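One structure below.
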Amino acid sequence: MSSDTVHLNQSGPTEFVFRIFTSSPRIQVLLFCFFLFLYVMILCGNAAIIWAVYTHTSLHTPMYFFLSNLSFLEICYTTTLVPLMLSNIMGKRRPIPLAACATQMFFFATLGSTDCFLLAVMAYDRYVAICHPLHYTLIMTPQLCTQMVTGPLALAFFLSLPLTSLVFTLPFCGHVLEINHFFCDIPPVLQLACADTRVPQAVLYVISILVLTTPFLLICISYVFITITILQIPSAEGRQRAFSTCSSHLTVVLLQYGCCSLVYFRPPSSTPADEDRYLALVYTFVTPLLNPIIYTLRNKDVKNALKKAMNKKAASKNP
């Protein structure tokens, strides 16, 4: 279809609306309260980790530096998606302009990609700590740690910007189009374009390999060496302690990469209408919520830091 025909079919600037989860007012209220509760828990849990790492000198190590950056990333990541989602659950569905949709897509792609890269960085940190403990402080210098956080962010930015631009250079037929999702994700927006989308689909596939497959392979390689080293530890207690420091990270990795791979590596024709929305709920709510829960429940250092902070606050209130 030519661009001239597209413009003739449009009565104004293209806008998008998101498909609702349910039309029942009672269920809408329950969903709003449930997702709002999860969002508040994500904000509080991740903010608690950032605060604990920042205020306790015992946590000023590369591992917790990366963990605090991951928590900050999760807060930004969910904030780009959830408030708009909540407003559409309870209120009247308001159209989102093309530019706003592109902005949300760009920030989602950038922050989500950075999240995946940062999980690979954390795996490398565990590899150095377990496989080369004597050289850990020499390798993981503050300068390198800063570069290992800013580098993934810069790479994600340069991958997301051209992809978002490519998607929104496509013509969209109609004035108000319904996205079968709760945010402006790339696959459902591409389905609304009235033009050949093979090039954007191919670019999305290549970028998905760079963002998902490459870091995941690096994580797997790191854990192969980590496992070999742990099995050589003579004491059972030492092996258990080493495995416990890695199991939290590995749990988050499997959830994040597993759900994202199901969304971005399947052909569009094989994707059921609502399945991507439900999978997206996992890496929008479950993974950001599990990060603080897993890392605090399974990490004695973080738990002790939070307990000390709470005891200090209680003591200040009751002199």
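What you see is a predicted model; the values in this text were computed from it and never measured.
By the rule that hydrophobic residues join a cluster once side-chain heavy atoms approach within less than 4.5 Å of another member, L161 and L166 end up as members of separate clusters. The hydrophobic clustering, which links ILVMFWY residues whose side-chain heavy atoms are closer than 4.5 Å, places I179 and L31 together. The cluster map of Ile, Leu, Val, Met, Phe, Trp and Tyr, joined by side-chain heavy atoms under 4.5 Å apart, puts I186 and L192 in the same cluster. With hydrophobic clusters built from ILVMFWY side chains whose heavy atoms lie under 4.5 angstrom apart, V40 shares a cluster with L281. Taking hydrophobic clusters as Ile, Leu, Val, Met, Phe, Trp and Tyr residues chained together by side-chain heavy-atom distances below 4.5 Å, F34 shares a cluster with I27.
A distance of 6.0 Å or more separates the ring centres of H56 and Y64. You'll find the ring centres of F182 and F18 outside the 6.0 Å limit.
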How far apart are the C-alpha atoms of V189 and F172, what are their side-chain angles, what is the distance that settles it, and do they pass the side-chain contact (heavy atoms from CB on, under 4.5 Å) test? CA-CA 9 Å; V189 172; F172 294 93; 3.8 Å; yes

Step by step, would you call I89 with V29 a side-chain contact (heavy atoms from CB on, under 4.5 Å)? CA-CA 8 Å; I89 289 178; V29 172; over 6 Å; no

Pair H181-R19, side-chain contact (heavy atoms from CB on, under 4.5 Å): steps then yes or no: CA-CA 6 Å; H181 217 300; R19 182 163 296 181; over 6 Å; no

F65 and N69: CA distance, side-chain angles, deciding distance, side-chain contact (heavy atoms from CB on, under 4.5 Å) verdict: CA-CA 6 Å; F65 172 73; N69 277 277; 3.4 Å; yes

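Applying the side chain to side chain donor-acceptor pair (under 3.5 Å) rule to pairs touching residues 207-218 yields nothing, sequence neighbours excluded. Applying the disulfide (SG to SG under 2.5 Å) test to pairs two or more places apart or on separate chains, none has a residue in residues 42-75. Sorted by first and then second residue, the disulfide (SG to SG under 2.5 Å) pairs with a member in residues 98-147 read C101-C184; sequence neighbours excluded.
Crowding of Y136 atom OH: a count of heavy atoms from other residues, nucleotides or ligands under 6.0 Å exceeding 12.
A distance-only check finds a donor-acceptor pair linking the side chain of S160 to the backbone of T110 [under 3.5 Å]. Looking only at distances, a side-chain donor or acceptor of H60 sits under 3.5 Å from a matching main-chain atom of V53.
Under a cutoff of 6.0 Å and an axis angle of 45°, R277 and F21 form a cation-pi pair.
Under the side-chain contact (heavy atoms from CB on, under 4.5 Å) test applied with L98, the options T14, T103, L177 reduce to a single match, T14.
The CG atom of L155 lies 8.0 Å from the OG1 atom of T114; values are rounded to the nearest 0.5 Å. Between the CZ atom of F66 and the CZ atom of R126 there is a distance of 9.5 Å, given to the nearest 0.5 Å. The distance from atom CD1 of I96 to atom OG of S87, rounded to the nearest 0.5 Å, is 9.0 Å. For the atom pair CG of L70 and CG of L119, the computed distance is 5.5 Å after rounding to the nearest 0.5 Å. To the nearest 0.5 Å, atom CG of residue L163 and atom CD1 of residue I207 are 4.5 Å apart. Note: Q191 CD to Q201 CD = 8.0 Å, rounded to the nearest 0.5 Å.
In this structure, L290 and F285 have side chains that are not in contact, with every pair of non-hydrogen atoms separated by 4.5 Å or more. With a 4.5 Å cut-off on side-chain heavy atoms, L289 and N46 do not count as touching. Contact check for N88 versus I20: no side-chain heavy atoms found under the 4.5 Å cut-off. For the pair F117 and M122, the minimum side-chain heavy-atom distance is 4.5 Å or more. By the 4.5 Å heavy-atom criterion applied to side chains, I219 and Y257 are counted as neighbours. At a threshold of 4.5 Å between non-hydrogen side-chain atoms, the residues M140 and M148 count as touching. Between L212 and F216 the shortest side-chain heavy-atom distance does not fall below 4.5 Å. Between D185 and P188, some side-chain heavy-atom pair lies under the 4.5 Å cut-off.
Of all the heavy atoms in T197 and L170, the pair that sits closest is CG2-CD1, 4.1 Å. The minimum heavy-atom distance linking A123 with Y223 is given by the pair CB-CE1, 4.2 Å. The minimum heavy-atom distance linking V17 with P95 is given by the pair CG1-CA, 3.7 Å. The shortest non-hydrogen separation linking V121 to P152 is CG2-CG, 4.2 Å. T61 and S58 get closest at one heavy-atom pair: CG2-O, 4.1 Å. In terms of heavy atoms, D125 sits closest to P62 at OD1-CB, 3.6 Å.
Using cut-offs of 30° and 60° on the angle between ring planes, the pair H135 and H132 is perpendicular.
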Please table the atom pairs, donor to acceptor, closer than 3.5 Å between any side-chain atom in residues 75-82 and protein atoms at least two apart or in another chain.
residue, atom, partner, partner atom, Å
Y77, OH, Y283, O, 3.3
T78, OG1, E74, O, 2.9
T78, OG1, I75, O, 3.2
T79, OG1, Y39, OH, 3.0
T79, OG1, I75, O, 2.6
T80, OG1, Y77, O, 2.6

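When the salt bridge (Lys or Arg N to Asp or Glu O under 4.0 Å) test is applied to R26, no partner is found at least two apart in sequence or on another chain. Residues satisfying the side chain to side chain donor-acceptor pair (under 3.5 Å) criterion with T284, sequence neighbours excluded, are absent altogether.
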